[in-house]
Asker: 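A single structure is presented below for examination.
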2 protein chains.
Amino acid sequence: MPHFKPQNDDRSYAPPKPLYEQVKSYVLKNMESGEWPAYFQLPSEHTLVREMGISRMTIHRALRELTQAGYLERIQGVGTFVAAPKKQPKKLELQEIDDIIRARGGRHQCEVHFLQGEPAEKDAANMMGMEVGADVYRSYFVHRENGLPVMLEDRYVNPAFMPEYLDADFSRITADTHLSRKFALLSHAHVIQAAVSNAEINHFLELEATTACIVINRKSWLGEDIVSAARLVFPGNRIQLG
Amino acid sequence: MPHFKPQNDDRSYAPPKPLYEQVKSYVLKNMESGEWPAYFQLPSEHTLVREMGISRMTIHRALRELTQAGYLERIQGVGTFVAAPKKQPKKLELQEIDDIIRARGGRHQCEVHFLQGEPAEKDAANMMGMEVGADVYRSYFVHRENGLPVMLEDRYVNPAFMPEYLDADFSRITADTHLSRKFALLSHAHVIQAAVSNAEINHFLELEATTACIVINRKSWLGEDIVSAARLVFPGNRIQLG
DNA sequence: GAGTGGTCTAGACCACTCC
DNA sequence: GAGTGGTCTAGACCACTCC
């Protein structure tokens with residue numbers, strides 16, 4: 001606390017950050033600098049009130065928000081501590097293809113190659129957790145960025161959950177978005193692989209030579225049930241993720 | 001609010017939930033029942049104060065926490081609204097290579113090919129946000145599963161943040177884990193690509209032919225500063241992620 | 001000007017821990 | 001009993017929106 005001074009806006013045009021944000025920054029700064037290492041006990045709320053000249057409710061809000069965010073741990077009757085270092089989960093957000101394209105300033109188009117009901121073959125039945133021969137919807141799309149194919153989407157959908165799938169409009173709304181809108185509680189599991197393109201992929205993605213591709217297998221669950229499974233193929237020379 | 005009554009513990013042994021939790025439950029209950037659908041404008045804080053007999057700070061805390069959690073949207077001067085249904089972000093968790101291998105029941109080994117300080121070349125300087133020619137640590141590891149190479153890790157580390165990097169033990173603890181343990185506040189950004197292996201990759205990963213690989217570029221940030229940048233190469237025929 | 005949410009205070013009472 | 005964090009209040013001032 002020796003050098004804390006609340007930010008003042010008397011002479012500046014930008015409004016100052018709220019006091020509780022200033023307290024949060026102050027705590028994080030001490031953590032980043034190593035001044036307050038893991039397991040370090042912070043000054044008590046009472047002490048911070050006195051030393052920073054800020055009311056206890058405001059100090060408390062700052063520390064509570066840092067605790068909710070995982071930076072601190074608080075024990076009633078004992079004190080406030082810098083949280084033990086936990087391995088940060090390294091998460092990658094997989095954006096929708098149309099969002100990726102729009103974020104790059106491109107124009108997204110979706111070409112429907114087929115869209116039909118069919119009896120599930122062994123692979124499809126396996127992926128969808130259905131009986132071989134059961135009715136399944138299958139769609140096969142090529143997504144283009146300014147005309148150039150950037151993703152192939154080969155998708156199965158369980159007709160029991162989405163009987164209207166075959167009548168949906170995929171030119172403006174992706175299949176994933178249709179699913180998300182219908183099922184608010186949908187969860188997803190992904191497997192990512194690299195593979196070289198084969199004749200099928202070369203044809204639909206209009207690749208001139210064998211190309212390394214990212215292949216994402218995505219299953220979409222509603223509780224215990226698989227609503228949809230898709231294989232997404234991205235040519236490595238045209239697109240990257242993340 | 002017609003039937004809201006704060007929970008009372010006069011005759012019960014369990015302590016009552018705090019008032020702000022009771023307000024949160026009350027709001028969520030109205031949302032779940034459909035009473036307050038998406039875009040519905042909630043009663044104002046002032047109205048809730050009057051009707052629930054709870055002070056404004058407590059009402060405010062409840063609504064603020066529901067807003068942070070994404071259930072509500074608040075606009076100063078206008079009001080509080082039930083949030084629009086949003087598409088679920090699709091996240092992929094990138095596990096550490098040693099965790100992946102152990103999860104599959106394999107034995108993980110890390111082979112250090114080099115580990116040294118060097119002046120940053122243009123690419124390295126670029127990735128690390130450093131000046132060309134500045135000192136940078138570089139490590140080059142091959143990770144093996146039961147003897148078979150499954151990942152190449154080419155990593156730069158900023159010596160200013162981790163002067164002890166060159167003396168670390170990488171046989172039992174990955175570089176990423178070393179970094180996570182030292183810096184609790186590390187954040188990561190990833191770019192994933194597919195590429196075919198070149199002579200360097202074929203050599204270190206002991207690949208017999210050109211192979212499609214997943215390439216992850218991971219940058220690890222401490223605030224505004226890049227602490228480390230790594231290129232991780234996974235041969236597509238030996239490993240998949242997720 | 002009336003109504004909204006955003007912040008902040010000074011005080012209070014409490015449950016809990018440690019000695 | 002002294003110190004800790006958890007909650008709650010009644011009031012204040014403010015920025016912002018809408019009319």
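Naming: A, B, ... by sequence-line order, numbering from 1 per chain. The basis for the numbers below is simple: all heavy atoms, side chains too, and nothing from hydrogens, waters or symmetry mates.
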Asker: Rounded to the Å, how far apart are E65(A) CD and dG5(D) P?
Answerer: 17 Å
Asker: Tell me: CG of L48(B) to P of dG3(C), nearest whole Å?
Answerer: 16 Å
Asker: Between dG6(D) and H60(A), is there an OP1 or OP2 to side-chain N/O distance shorter than 4.0 Å?
Answerer: yes
Asker: Does anything in residues 165-187 of chain B pair up under ring-ring contact (aromatic ring centres under 6.0 Å, His included), and if so which pairs, sequence neighbours excluded?
Answerer: F141(B)-F170(B), Y165(B)-F170(B), F170(B)-H178(B)
Asker: Would you sketch DNA chain D in dot-bracket for me? Only Watson-Crick or G-U wobble pairs with both distances under 3.5 Å count, crossing pairs as [ ], other-strand pairs as |, the rest as dots.
Answerer: ||||||||||||||||||.
Asker: Could you give the NE2-to-C1' distance, from H46(A) to dA12(C), as a whole number of Å?
Answerer: 15 Å
Asker: Salt bridge or not between K90(B) and E93(A)? Use side-chain N to carboxylate O under 4.0 Å.
Answerer: no
Asker: R231(B): which residues meet the salt bridge (Lys or Arg N to Asp or Glu O under 4.0 Å) condition with it, sequence neighbours left out?
Answerer: D154(B), E200(B)
Asker: Answer yes or no: does a side-chain N or O of R61(A) lie under 4.0 Å from OP1 or OP2 of dT7(C)?
Answerer: yes
Asker: Name all pairs fulfilling the salt bridge (charged side-chain N to carboxylate O under 4.0 Å, His left out) condition that reach into residues 155-164 of chain A, sequence neighbours left out, sorted by first residue then second.
Answerer: E153(A)-R155(A), R155(A)-D176(A), E164(A)-K182(A)
Asker: dG6(D) P sits how many Å from L63(A) CG, rounded?
Answerer: 9 Å
Asker: List the residues meeting side-chain contact (heavy atoms from CB on, under 4.5 Å) with D99(A), not counting sequence neighbours, and say none if there are none.
Answerer: Q95(A), E96(A), R102(A), K87(B)
Asker: Can you sort out the partners of K219(B) under side chain to side chain donor-acceptor pair (under 3.5 Å), two or more places apart, ordered by chain and number?
Answerer: none
Asker: Residues in side chain to side chain donor-acceptor pair (under 3.5 Å) with E45(A), at least two apart?
Answerer: R56(A), H60(A), R74(A)
Asker: Between T80(A) and dG5(D), does any side-chain N or O lie under 4.0 Å from OP1 or OP2?
Answerer: yes
Asker: Find every protein N or O atom lying less than 3.5 Å from an N or O atom of nucleotides 9-11 of chain D, and list the pairs.
Answerer:
from, atom 1, to, atom 2, distance (Å)
dT9(D), OP2, S55(B), N, 2.9
dT9(D), OP2, S55(B), OG, 2.7
dT9(D), OP2, T58(B), OG1, 2.8

Asker: When every nucleotide of nucleotides 14-19 of chain C is labelled 5' to 3' by its protein contacts under 4.0 Å (heavy atoms), B for base, S for sugar-phosphate only, - for none, what sequence of letters results?
Answerer: -BBB--
Asker: Who are the ring pair (Phe, Tyr, Trp, His ring centres under 6.0 Å) partners of H188(B), not counting sequence neighbours?
Answerer: none
Asker: Could you list the residues that satisfy salt bridge (Lys or Arg N to Asp or Glu O under 4.0 Å) with E111(A), not counting sequence neighbours?
Answerer: R144(A)
Asker: Please give, in whole Å, the distance from dA12(D) C1' to E45(B) CD?
Answerer: 15 Å
Asker: When you check the phosphate oxygens OP1 and OP2 of dT7(D), does a side-chain N or O of Y20(B) lie under 4.0 Å from one of them?
Answerer: yes
Asker: Side chains of S180(B) and T177(B): donor-acceptor distance under 3.5 Å anywhere?
Answerer: no
Asker: Output the rounded distance in Å from CD (Q41(B)) to C1' (dG3(C)).
Answerer: 10 Å
Asker: Which residues satisfy the side chain to side chain donor-acceptor pair (under 3.5 Å) test with S33(B), sequence neighbours excluded?
Answerer: none
